[in-house]
Each structure stands twice: as structure tokens, then as C-alpha cells.
Amino acid sequence: MSDQQNEAECNALSRSEPSLPANWYYDPLHYAQEVKSIWQRTWLYVCHTDALAEPLTYRTLEIGDQSVVVLRSAEGELRAFHNSCRHRGSILCTERQGRLKSKLIVCPYHQWSYAVSDGHLARTSSFKEPEGFDKADYPLFPVAVTEWRGCIMINLDPAARWDMQQVFSYSPENLANYPLEDMVVGHTWRKVMNCNWKTFWENFNECLHCPNIHPELGKLVPLYTRRIMEPKDQPDWPQHQGSDDPKFRGGLAKGVETWSMDGSAQNHVIESLNDEDLSRGYSYGVSMPSVFIGAYADHVRIVRLLPIGPEQTELVAEWLFEKDTLNAADYDMSNVVDFAKLVMGQDSAASELNQRGMHAAPFKQGVLMPEEYEIKDMHDWIRAHLA
Ligand code: FES
Ligand SMILES: [Fe+2]
């Protein structure tokens, strides 16, 4: 293979690329623009279907200044509405999550009541409804909602169409053998990070930081100690082609089965996985800007991101297991939960340092190195949405 071919197939950036302008990471006006053009125009992850399985349970989400309520109807259907009353506009559901007492959403202000099933206004609280007023004119404003493989997704864009190709990237086909829709949520963790949402995603999209920030992860995934995410991220990749060493081919270190504190899957490997899935060691699905899925031999982790402000981002992680695994006396989920919290804590601390440093008055813009090709793609995606 010629050097030119090597270079063509290598993932790395060959020329220096500027990062995004520094003020895009903290300027409130720019933040508002991103919320409008990106967060309120794309499919966003709400939670796993198991977390909203019971009839009449709900979740609320704040997407910038837009509050949305996502519910499971008494009949088991998913519904999503703007969390706003048609009378004079009060918020309807005030908790992050909860369960309605009846099939009606009742406004906490003057008790107008709406049917969960379709959002129609079922009753007002007035003694007599005035002339010229028709309840049919005041249903809740609907929000697009769909479910993909157990992932509940919403979109605030009234013209939104679900297009799988546009939504999940990063090899979602590798998730095919995971029983995603039948798994159950064993643990949930919420963390508020003091960084812009892009700062966190940039960190997710490179492994230059891995040896320094994630020493424990490097022991499980030796490739990461080479500061890369994929075997073809370095120009010398052809020299290692066919190597069985996980340091070059990727996958897990010898004897490691899953991402856990001790590397063991505790004899609870997901049965539907084949040899290829297990030898890959980890599989990802990403849907910008709100979610990534990490799938391992014995569990799946889904991480949702939502911006709270220009310099605050909420992370909610869900750990999914097969029911039998979660109920097994010989399976201790803290083995995988603690490990992921360790890694996510390290990423979050690095992102917060990154965020603070970008405020230096002379720092107008960073620069991307060859290994940061995924960040370049992410920046292009952001620029396209803002255009
Ligand atoms: S604002 Fe909801 S009933 Fe008045
Ligand atoms: Fe990391």
C-alpha cells in the first residue's frame, strides 16, 4: 500500500483546523441561538421506555425556555405536549418526573384539566363557560414523540419527521443484537456539569486525553492508551493490520469482559450477543446533541445531555440490564455502575477545566490536532445547523 493510500484511509485530520470561536462556549446570546437552531430542531432523548413504562407516569424536560411533558397514557401510548396550560399559560407538571392521579393533566393554577390520551381540554373550572368559548379550541400543544429501540425521543420542531439515518450515527448497527427494548433500568445518575454542552461533546469525541485522564480505562481498552479511538486513527495503521494485540486492533484487554471495576461480567453476558459483538468489546450509538449509548457484554449505558445554560449541562446516565441479570443474586451492578461513574466524573472534571480556561481574554479560538477529526465533524454539524 502506498503512503498516499495510507493517508487517504487514515481517519486523522491532515491539516490544522480552527476550533469554534471561544465565545460560542459562554456567550448567552450565542447560547440562545444554539438552543433555537439545534436543541429545538433535533430529536432529543428523553429516557428509556422502561423508565416510563407505568400508565400515567410522566417526565418533564426543559429545552432552553421550552418545558415539555412526556407521558405514558392509561392505554400505554406515548404522548408529549408543551408543558403549558391554554388558559393563561401556567406550567402544568411541576416535577422532573411523577405519576398523575387520573387520566387528566390538571393545571395547578385554576385546575383546567386535559386528557392525557390526546391533550383535549376536558373541563375548565368556571361555573359557566362564556359565550364564544369552545373547549375544542384549547387542546394542549402537541410535541412530536417516537420510540426507537426502547429510546423515547421528542422533537420540538412541528415539521419534524423521524429519520433513523439522520438520528443515530456511529454504528448503531452494532447494537442490533442487544435486546435494548426489553432491558430494564437498574440505576440512574444525574450530574450537573459546569461546562457548555459542546465542551462535553468535544471531550467525548477524542481520546487524546485518555492516557492522562482515564488511567483505569486504559487498562481495559489498551488502544486508548495510544490516544486514539479507532485502529485507523494513526497513519502507521497498515503496519499493524491483522495484529491481534488489542493495543492495535482495539477491543478489550486479554481477560477483560466488560467495562467494570474488575473487568468481569460476573457470568452474566447478554445471551443474544454473538462472538463478533463480544470481540468488539464495546459498541456505541450517538444521536447529536442529546444522547450516546455504550453497549457492553453484560449491560448498556445510555447518557442523556441537556443544556441548562451557556456554562451548565445536565448529564443523566441510565444503566440497563436484562431482567434476569438485575435480579440475580450473584450479579453486583455496582461493578459496572461505579466504573462508569469514575470515567464520566473524570471527563466531566476535564470539561470543567476546559470551560474555565476558555475565558482567557486573549483566547479567541483553539486548534484541532489530527486525532480530533470527530470534533471537526461535530463542528461542521453545528455550523450547518446555525447557518
Ligand atoms: S393557567 Fe392553567 S388553569 Fe389557569
Ligand atoms: Fe474521556
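Atoms within a ligand are numbered from 1 in the order they appear, just like the ligands themselves. Residues take their numbers from the sequence shown, with the count starting at 1.
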Open item on the list: Using a strict threshold of under 4.0 Å (side-chain N to carboxylate O), is an ion pair present between Arg190 and Glu314?
Closed with: yes
Task: Carboxylate-amine/guanidinium proximity below 4.0 Å for Arg227 and Glu371 - done: no
Task: Name, closest N/O/S atom of His214 to the Fe ion (ligand 2) - done: NE2
Open item on the list: Looking only at N, O or S atoms in Asp347, which is nearest to the Fe ion (ligand 2)?
Closed with: OD1
Open item on the list: Does the plane of the ring in Tyr282 sit parallel, tilted or perpendicular to the ring in Tyr224? Use 30° and 60° as the thresholds.
Closed with: tilted
TODO: Flag Cys207 as yes if one of its N/O/S atoms falls below 2.8 Å of the Fe ion (ligand 2), otherwise no.
DONE: no
TODO: Please find out if the Fe ion (ligand 2) and some N, O or S atom of His209 are separated by less than 2.8 Å.
DONE: yes
- [ ] Please report the shortest heavy-atom distance between Leu273 and Tyr296, naming the atom on each side.
- [x] CD1-O, 4.0 Å
Open item on the list: According to side chain to side chain contact (heavy atoms under 4.5 Å, CB included), who are the partners of Val337, at least two apart in sequence or on a separate chain?
Closed with: His187, Trp319, Met333, Lys341
Open item on the list: In the structure I gave you, are the side-chain heavy atoms of Phe204 and Val303 within less than 4.5 Å of one another anywhere?
Closed with: no
Open item on the list: Hydrogens and angles aside, do Ser334 and Asp332 bring a side-chain donor and acceptor to less than 3.5 Å of each other?
Closed with: yes
Task: Whether Asp233 side chain and Ala12 backbone form a donor-acceptor pair below 3.5 Å - done: no
- [ ] Check which protein N, O or S atoms are less than 2.8 Å from atom 2 (Fe) of ligand 1 and report how many there are.
- [x] 2
